[in-house]
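Only a predicted model underlies this, so the values are computations on that prediction, with no experimental measurement involved. Note that these values count all heavy atoms, side chains included, but never hydrogens, waters or copies made by symmetry.
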Amino acid sequence: MTSFRRSLLQHGWQFKDGSLADEKWTSVSSVPSVVQLDLFNAGKIPDPFEATNELDVEWIGERQWIYRLQFLAPKLDKSEEADLVLEGLDTLATVYLNRRVILKSDNMFISHRVSVKEYLLSGQDNTLTIVFDSALLRGRELEKEHTEHRFIAHNGETGRLGIRKAQYHWGWDWGPVLMTAGPWRPIALETYQSRIEDVWVVYVVDEDLTRVRGTLHALTLRPAGDLTFKLEFDGVGVVCLKGSKDDEGVFRAPFSIQRPRLWYPSGYGKQSRYTLSAELAGDHGNLHKLSKETGFRRTELVRKPDRFGESFYFRVNNLDIFCGGSCWIPADNFLPRLTADDYRQWLQCMRDGNQVMVRVWGGGIYEHDSFYSICDELGLLVWQDFMFACGSYPVWPEMLENIKREAIHNCRRLRHHPCVIIYAGNNEDYQIQEQYGLDYKQSDRPQDWLKSNFPARYIYEHMLPAVVAEETTTAYWPCSPFTGGGKPSSDLTKGDVHQWNVWHGSQEKYQRFADIGGRFNSEFGMASFPVMSTIESFVKDESELYPSSRTLDFHNKADGHERRIATYVLENFRNAADLETWVYLTQLTQSETMLYAYRDWRRQWGHSRKCGGALVWQLNDCWPCSSWAIVDYYRRKKPAYYATKRILKPVAIGIRRKHHDWSVCHARPVNTLPFDVWVMSNQAQSVKGNLEVRFVSVRFGKDTRDPLIYENIDITSNGTTEVLQDTVDSSASDPIVLAAKLFVGGECISRDFDWPQPYKYLPLAVGTLKMELDRQSLRLSTDKPIKGIVFEERDDIALIDNGIDLVPGDDRVIDLSGFKGRVDELRWKSLI
């Protein structure tokens, strides 16, 4: 029997406002928690997500909050130790045990283990008290105290730069100002005689993938016996070794596995994982056992000179991976209410959408353990930012030490996860350096960088790469975006780029994404409204249900969003007066943007790896709002999600006519334009396919010329196959939609459509949509082309596809999993 015991201190807590002398204690449902959740549960504040209630609860961030727990401690004998484990305190916390200070913490991202045997009343009631001071006020004070630094921040207050807390809590251009405080991750009491602190493996996979070899490690405290390592696969032992201990309590054992089961990204192979365990045994049995799931893979960030500049893409187990995926922000402003099931549903949504990479953005948090475990299981690669975003961060000595502890802690926490493929030093801080003309080239000595007006360079190019190299075998990149070599972060020939000249910047048309992409597009996007039911969840006053109401504007934090959304919608579509149609048009604009971006950049992947990946900003929201998310706060998918899903299929067809800029040409039509058709594949082997291209009159629904048929096409493995170039004749009076289909094994596996642009010039000759429901399958047919059929997202329906285009003679069947109603209950919209 093990001597190790862990007791969660979850229930029985109380809290109060420490800023008020006569404030009474109020019960807390459970810990982990933050003060807004506890105030709301106690009926003391309104729902911060409804209407403009955010304004009514901002005072919370300026107060001191106290949490208290009385608990019965177990009886301890002389051989036992007792530790209080605080996995996350948000953020400026002083911890008392029986009125004695045992810990002071000023970093939300670090876990703490405190030996408390000398303070603990064995077998008696104990009082644990945690005082949380205002991070908001302390940030302002630090800025005044450290006048040697120039505090520059985009989004939120500049005071956030001095506080190691999730930066989005100060507000961002997609999220509210909600300054949380509280024990946001679990707190536990652990007792033991001996304990294993950590177990990990350092390894290499041979180039031919036939062997993995390395060393197993276990860090122990007070080891009183032997330690045994085990590696198991599907419950079957693969390695069982005795460890040898050094003077610091670290056990090691070299190992080798022939023909290992390797871990692959989704769509490229199996997500094979091994169970790594370490077990301490004493005279009377097992003292402690610690196990982790891990996986073996050979990885490389490929950066080599080529005809486009310098490549930037990932190779896993000798396979080049096109990283189509999303950027991830925290999925709630109130983090403790996120469960492992929430993470599973979010990440399964990514995998179901044929995405392969998620970028954990640097203004949020190092995510919950379950996030990374689920990514391991689902085969989602993780690009992990360190938690710095959109600022020039100060670097006084205590701050640097704090950051180093944070980096070491989280690298050690994540190093067993095969999903984590790269660490990036920050989000967009080098763009701050460029915009404000801060020092960069004055010296190659890191100590000199600390004396410059961009001292954070020391963090990103010296401290963090050293920690990553010491603690992991994972690639490191100084920033997202970053190019290096003195080139600006907007350079398209090397490194990664945040391409915001669609929406921000020069506000290019989204049809131009093919021309303005970089070697790896780690951010780009288009904002839209959320699903109508989501809007109705926070707009409680029906008089506010119109496109530019105060409440709707309040729930879109992007600067200038009114002009930008209107610009992109009205450039492409006819105006709409009612809210539902306006919501639909914003979503259709976003969907078309994703189509043009992913389709062209994935095509470029197949041409000498010109584009190594595309990560949309962003997958998700932290509250119900209008934003760049392709899935809203309640996990209700927008049409953009489905457009991305279709173009990221394992094998997908693309068709596009040359872009004719109607605004530059003053709406003069061009009757004949060239178009291309190509096929994209991530398959390991070449496959055969047949292709059909039709030319369908938008006005009359008839084919204007014979279809183009190509049979037995050799579809290149893991690349792009250019199939044909032709021209289309399309007049203003009789516009033509190009409809392309790809067949493999006699089955249509992919479709793509190209419509005359802009959509606002198309005739309002609405096709007749016929819908036939057979159980939970919906058959759609039409007599004329219909653009953008969007069914209302409902929580009782799991739509497999949405936002689809339809032409005569090509009926579509949509799975409506979960739907138990009638056809006439389905709400839908289309463009024409």
Side-chain angles (χ1 to χ4, degrees), residues 201-214 233 257 259-274 293-304 306 310-326 328 347 350-351 353-360 371-384 414-424 468 472-477 480 495-496 519-522 601-602 605-606 608-615 648-651 680-685 716-720:
V201 55
V202 179
Y203 70 90
V204 294
V205 176
D206 286 357
E207 188 173 359
D208 62 4
L209 308 182
T210 60
R211 180 177 64 159
V212 59
R213 51 197 167 86
F233 185 83
I257 301 174
R259 296 181 297 280
R261 310 288 186 92
L262 298 180
W263 183 93
Y264 285 84
S266 175
Y268 293 86
K270 294 183 178 180
Q271 289 73 57
S272 300
R273 289 177 295 160
Y274 289 76
E293 295 289 317
T294 192
F296 300 120
R297 78 282 190 275
R298 180 181 178 88
T299 65
E300 180 184 0
L301 172 58
V302 182
R303 296 173 55 216
K304 295 181 178 179
D306 60 20
E310 182 182 89
S311 66
F312 192 103
Y313 64 91
F314 294 93
R315 184 174 289 157
V316 180
N317 300 331
N318 301 336
L319 292 174
D320 297 348
I321 311 295
F322 177 74
C323 292
S326 298
W328 169 271
L347 295 168
M350 288 193 67
R351 176 163 167 164
N354 299 314
Q355 299 186 36
V356 73
M357 175 175 274
V358 56
R359 173 177 168 245
V360 179
F371 177 95
Y372 302 97
S373 294
I374 296 166
C375 286
D376 289 343
E377 177 187 337
L378 298 181
L380 296 174
L381 298 171
V382 174
W383 173 310
Q384 177 68 55
L414 302 182
R415 62 187 167 191
H416 66 286
H417 291 288
C419 64
V420 180
I421 197 169
I422 188 172
Y423 288 97
V468 171
T472 80
T473 57
T474 305
Y476 177 82
W477 191 239
S480 182
D496 69 315
R519 306 311 305 270
F520 194 105
N521 302 294
S522 47
W601 290 338
R602 188 180 180 192
W605 164 256
S608 303
R609 306 299 186 240
K610 182 180 181 182
C611 174
L615 307 177
L648 289 179
K649 282 185 172 183
V651 181
M680 302 158 287
S681 171
N682 70 359
Q683 302 297 281
Q685 286 84 33
T716 304
S717 62
N718 200 11
T720 298

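Here V302 pairs with E300, K304, S311, Y313, R315 under the side-chain contact (heavy atoms from CB on, under 4.5 Å) rule; sequence neighbours left out. Partners of P265 by side-chain contact (heavy atoms from CB on, under 4.5 Å), not counting sequence neighbours, listed by chain and number: W263, Y268, V316, I321, V356, L381. Residues forming a side-chain hydrogen bond (donor to acceptor under 3.5 Å, both in side chains) with R298 (at least two apart in sequence, or on another chain): none.
Using a 4.5 Å heavy-atom threshold, the side chains of N718 and W605 count as touching. For the pair R519/R303, no side-chain contact is recorded, criterion being any heavy-atom separation below 4.5 Å from C-beta on.
Checked against C419 for a side-chain contact (heavy atoms from CB on, under 4.5 Å), the options V358, D376, I374 give a single hit: D376.
With rounding to the nearest 0.5 Å, the separation of CD in Q271 from OH in Y264 is 11.0 Å. In this structure, CG on L380 lies 12.0 Å from CD1 on I421, to the nearest 0.5 angstrom.
A distance below 6.0 Å separates the ring centres of F233 and Y274. Ring to ring, W601 and F322 are not that close: their centroids are 6.0 angstrom or more apart.
The aromatic rings of F520 and W383 lie tilted to each other, with the angle between the two planes from 30° to 60°.
A donor-acceptor pair is defined here as one N or O able to donate and one able to accept, closer than 3.5 Å; such a pair exists between the side chain of T472 and the backbone of T474.
A salt bridge links D206 to R213: at least one charged side-chain nitrogen sits closer than 4.0 Å to a carboxylate oxygen.
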